[in-house]
2 protein chains.
Amino acid sequence: MQNVSEAQVQEKIKILKEHHIPLTTTRLVLLRFISSHRGHYSAEDIYQLLKEEYPSLSIATVYNNMSLFASLGIVQELRIERDKVIYDTYTKAHDHFLCLKCGKIYDIEIKNRKLPEQIDGHSVHYAHTYYFGICKECKEA
Amino acid sequence: MQNVSEAQVQEKIKILKEHHIPLTTTRLVLLRFISSHRGHYSAEDIYQLLKEEYPSLSIATVYNNMSLFASLGIVQELRIERDKVIYDTYTKAHDHFLCLKCGKIYDIEIKNRKLPEQIDGHSVHYAHTYYFGICKECKEA
DNA sequence: ATTAGTGCAAACTATTTGCAATAAG
DNA sequence: CTTATTGCAAATAGTTTGCACTAAT
């Protein structure tokens, strides 16, 4: 695996430690993967990309850990595709655009928008905005 | 079924006609249901609520038609729950809040926000914003 | 030592599909 | 009469779970 930012991996390990969550070999492999691959991946994607190098890896373990990482803020769960969860390895708050033609997901930086603490009396912890339409690339083609 | 707004049903029938889509008995039952029940329903919810009155109704037909209605703008598909699609029978553009404790979904009116036509060169057709947190009711309890 | 994680297979759930019978235009 | 829809059952796909074994603290 190339381009592993060791500092980013350490940061994520620290989060596990803080929560007294054991750092297993498999978890380290997954942390290295997400630290070196910015993008949008399903559990199956990650499993396919890693199973050649780690043939005994189980997809159940990928699911378990990605779900754990999401709860710790190490990855972001996107519910933008109709049939599966997508994990976003880029965790800074940002929005998403899904192309209705090619299905590609684009990161959208958030400008001038502040998350309200309350809406209609409900306490807001976080928010996700999904834009849908036709992407630049598909329009040009 | 009570509180069916006949005008609302007619409006939806008109949309089907405009698209040359046959108005079947089952479709009419579903259109009447969504016209008289403002809220957030899964396909299973709708199936359960209607099957007593229409025992031969099939859940596959509910799925087919809700999906059709969504593509026509007659209902709105929400991907706010982790494992299933929710149909919102309220179609005016609005956002949603999901309580992380009780799971209830609240409609949130959109104020002072205009949908951009373009973002990063991509053409935006529509957008969905989901807020997550603890609802008023759960905080008070 | 103790507690938690892994990998496998089986289970589960939401959704889709194939198809013969039927209804709509 | 022609085309599309219905209802049923079976299939599919994503995700979760039970469990024996193993690894981490």
inquiry  = I'd like to check A/H40 versus A/H96 (side-chain heavy atoms, cut-off strictly below 4.5 Å). Are they in contact?
reply    = yes

[X] [atom1] - [N] [atom2] separation (whole Å):
| X | N | atom1 | atom2 | result |
| --- | --- | --- | --- | --- |
| B/D83 | D/dT17 | CG | P | 11 Å |
| B/M66 | C/dA14 | CE | P | 16 Å |
| A/L16 | C/dT3 | CG | P | 20 Å |
| B/E77 | C/dT15 | CD | C1' | 11 Å |
| B/N64 | C/dT16 | CG | C1' | 8 Å |
| A/E81 | C/dT16 | CD | P | 14 Å |
| B/I86 | C/dA14 | CD1 | C1' | 11 Å |
| B/Y47 | C/dT16 | OH | C1' | 16 Å |

If only side-chain N and O atoms of [X] are considered, is one of them under 4.0 Å from the OP1 or OP2 phosphate oxygen of [N]?
| X | N | value |
| --- | --- | --- |
| A/R27 | C/dG5 | yes |
| A/T26 | C/dG7 | yes |
| A/N65 | C/dT6 | yes |
| B/R82 | D/dT16 | yes |
| A/K17 | D/dT25 | yes |
| B/S58 | D/dT6 | no |
| B/Y63 | C/dT15 | yes |

request  = Could you check B/Q10 against B/Q8 for side chain to side chain contact (heavy atoms under 4.5 Å, CB included), going step by step and ending with a plain yes or no?
outcome  = CA-CA 5 Å; B/Q10 287 309 320; B/Q8 279 186 44; over 6 Å; no

Using a 4.0 Å heavy-atom cut-off across all strands, classify [X] as base, sugar-phosphate, or nothing.
| X | answer |
| --- | --- |
| A/L23 | sugar-phosphate |
| B/K51 | nothing |
| A/T25 | sugar-phosphate |

request  = Check every atom of D/dT25, C/dA24, C/dT15 against the side chain of B/T24 and return the nucleotide holding the closest atom.
outcome  = C/dA24

query = Counting side-chain heavy atoms from CB outward, which of C/dT6, D/dT15, D/dT5 is closest to B/P22?
reply = D/dT5

query = Hey, mind stepping through B/F97 and A/D120 against side chain to side chain contact (heavy atoms under 4.5 Å, CB included) and telling me if it holds?
reply = CA-CA 10 Å; B/F97 178 95; A/D120 295 356; over 6 Å; no

message = Under a plain distance cut-off of 3.5 Å, with no hydrogens placed, do A/N64 and A/T61 share a side-chain donor-acceptor pair?
response = no

key: B/L30 or A/A60, whichever maps to the more 5' nucleotide of DNA chain D   = B/L30

key: Given DNA chain C, 5'-ward residue of the pair A/L57 and B/I21, judged by closest heavy atom   = A/L57

inquiry  = Between A/K84 and A/E44, is the salt bridge (charged side-chain N to carboxylate O under 4.0 Å, His left out) condition met? List the steps.
reply    = CA-CA 10 Å; A/K84 58 176 168 296; A/E44 180 69 24; over 6 Å; no

request  = May I ask you to decide if B/I110's main-chain N or O and B/H94's side chain share a donor-acceptor pair within less than 3.5 Å?
outcome  = no

